[in-house]
Visitor: 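This structure is in structure tokens; I'll ask about it shortly.
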Amino acid sequence: MEMDKKAFRKQMLDRMKELSKPEYEQLSYEIARSLYSSPLWLQAKTIGITVSKPPEADTWQIIRKAWEDGKRVAVPKCIPQAKQMVFRELKSFMELESVYYGLWEPSPEKTEEVLSEEIETLIVPGLAYMKNGFRLGVGGGYYDRFLEQYKGRTVSLAFELQVINGFPVENHDKPVEMIITDQRVWASGNA
């Protein structure tokens with residue numbers, strides 16, 4: 001099972017890396033535009049979102065738009081020893097610090113914690129998705145563990161090429177309510 005997931009992850013990353021810079025920028029822009037008209041965006045005062053790293057769909061522009069719209073932005077900080085993550089309020093990109101694997105996370109010295117019940121819409125990252133809302137993450141399990149107790153709304157942002165017919169799903173996997181791609185919006189049925 002884990003080997004299958006590992007192969008899927010590598011295959012998907014390779015496909016995503018084939019996008020040219022103009023394609024990546026345009027498709028990320030199309031995804032963001034669809035998100036901004038979604039009720040999951042419009043109704044949320046606090047958004048939980050990761051700071052993206054290519055080849056994932058760009059979230060930096062979404063964070064900027066959230067600030068412009070007066071939304072509170074909460075970004076995750078991983079705690080590897082506990083295999084957990086907490087969300088912290090980001091008010092400026094200057095509050096980020098570079099951590100392992102070139103990821104950007106909020107600096108605990110510069111940011112305040114945001115409780116999971118304060119996050120109305122959580123933008124859940126992943127590498128591959130099925131139309132029913134199940135996602136294949138990068139393999140750390142941080143979001144799977146967080147989603148076990150999270151009660152708010154969930155949405156994932158993906159390039160259309162990341163939506164595939166199937167991959168192994170385990171008992172602890174939780175589907176997101178909605179997947180927004182550069183071409184369409186998939187609602188999983190639990191929305």
Visitor: So that I can tick it off, tell me whether K110 and E97 are bridged by a salt bridge, with the cut-off set at under 4.0 angstrom between side-chain N and carboxylate O.
Guide: no
Visitor: Are R64 and D69 close enough for a salt bridge, meaning some N to O gap below 4.0 Å?
Guide: no
Visitor: Does Q183 reach the side chain of L27, with side-chain heavy atoms less than 4.5 Å apart?
Guide: no
Visitor: Are the side chain of R9 and the backbone N or O of L127 linked by a donor-acceptor pair below 3.5 Å?
Guide: no
Visitor: Does a salt bridge link E120 with K151, judged by any charged N lying under 4.0 Å from a carboxylate O?
Guide: no
Visitor: Less than 4.5 Å apart, any side-chain heavy atom of K65 and any of Y36?
Guide: yes
Visitor: I want to know whether F167 and F134 have ring centres closer than 6.0 Å.
Guide: no
Visitor: Which pair of non-hydrogen atoms, one from P76 and one from P106, has the smallest distance, and what is that distance?
Guide: O-CD, 3.2 Å
Visitor: Check this for me: does any side-chain nitrogen of one of R184 and E160 sit under 4.0 Å from a carboxylate oxygen of the other?
Guide: yes
Visitor: Taking atom types as modelled and ignoring hydrogens, do the side chains of S28 and E25 form a donor-acceptor contact shorter than 3.5 angstrom?
Guide: no
Visitor: Looking only at atom types and distance, does a side-chain atom of Q43 sit under 3.5 Å from a main-chain N or O of L40, one as donor and one as acceptor?
Guide: no
Visitor: Can you confirm whether K45 is buried at NZ, in the sense that more than 12 heavy atoms of other residues, nucleotides or ligands lie under 6.0 Å from that atom?
Guide: no
Visitor: Look at the aromatic rings of F93 and W60 and report parallel, tilted or perpendicular, splitting at 30° and 60°.
Guide: tilted
Visitor: Could you walk me through whether E95 and S92 pass the side-chain hydrogen bond (donor to acceptor under 3.5 Å, both in side chains) check?
Guide: CA-CA 6 Å; E95 296 171 345; S92 161; 5.5 Å; no
Visitor: With a 4.5 Å heavy-atom cut-off, do M12 and I164 have their side chains touching?
Guide: yes
Visitor: Are the side chain of S98 and the backbone N or O of W104 linked by a donor-acceptor pair below 3.5 Å?
Guide: no
Visitor: If hydrophobic clusters are built from ILVMFWY residues whose side chains come within less than 4.5 Å, do I79 and L147 share one?
Guide: no
Visitor: State whether the side chain of Q162 and the backbone N or O of A128 hold a donor-acceptor pair below 3.5 Å, judged by distance alone.
Guide: no
Visitor: Nearest 0.5 Å please: distance from the OG1 atom of T154 over to the CG atom of L122.
Guide: 7.0 Å
Visitor: Pick from R88, E89, K77, K91: which one makes a side chain to side chain donor-acceptor pair (under 3.5 Å) with T111?
Guide: R88
Visitor: Go through the steps to decide whether Y29 and R33 satisfy the test side-chain contact (heavy atoms from CB on, under 4.5 Å), and finish with yes or no.
Guide: CA-CA 6 Å; Y29 172 68; R33 275 188 29 196; 3.3 Å; yes
Visitor: Rounded to the nearest 0.5 Å, how far does NZ of K131 lie from CG of N165?
Guide: 5.5 Å
Visitor: Taking the side chain as C-beta and beyond, is there a heavy-atom pair between V114 and R72 under 4.5 Å?
Guide: yes
Visitor: Strictly by modelled atom types, are E109 and S107 linked by a side-chain donor-acceptor pair under 3.5 Å?
Guide: yes
Visitor: Give, for atom CG of L19 and atom OH of Y24, the distance between the pair rounded to the nearest 0.5 Å.
Guide: 9.5 Å
Visitor: Where is the tightest heavy-atom contact between Y143 and V124, given as atom of each residue plus distance?
Guide: CD2-CG1, 3.8 Å
Visitor: If we count only N and O atoms by modelled type, under 3.5 Å, do the side chains of Q149 and S116 hold a donor and an acceptor together?
Guide: yes
Visitor: Could you pull out the closest heavy-atom pair between I180 and S38, with the gap in Å?
Guide: CD1-CB, 4.3 Å
Visitor: Strictly distance-based, threshold 3.5 Å: is any side-chain N or O of Y150 a donor or acceptor partner for the main-chain N or O of R153?
Guide: yes
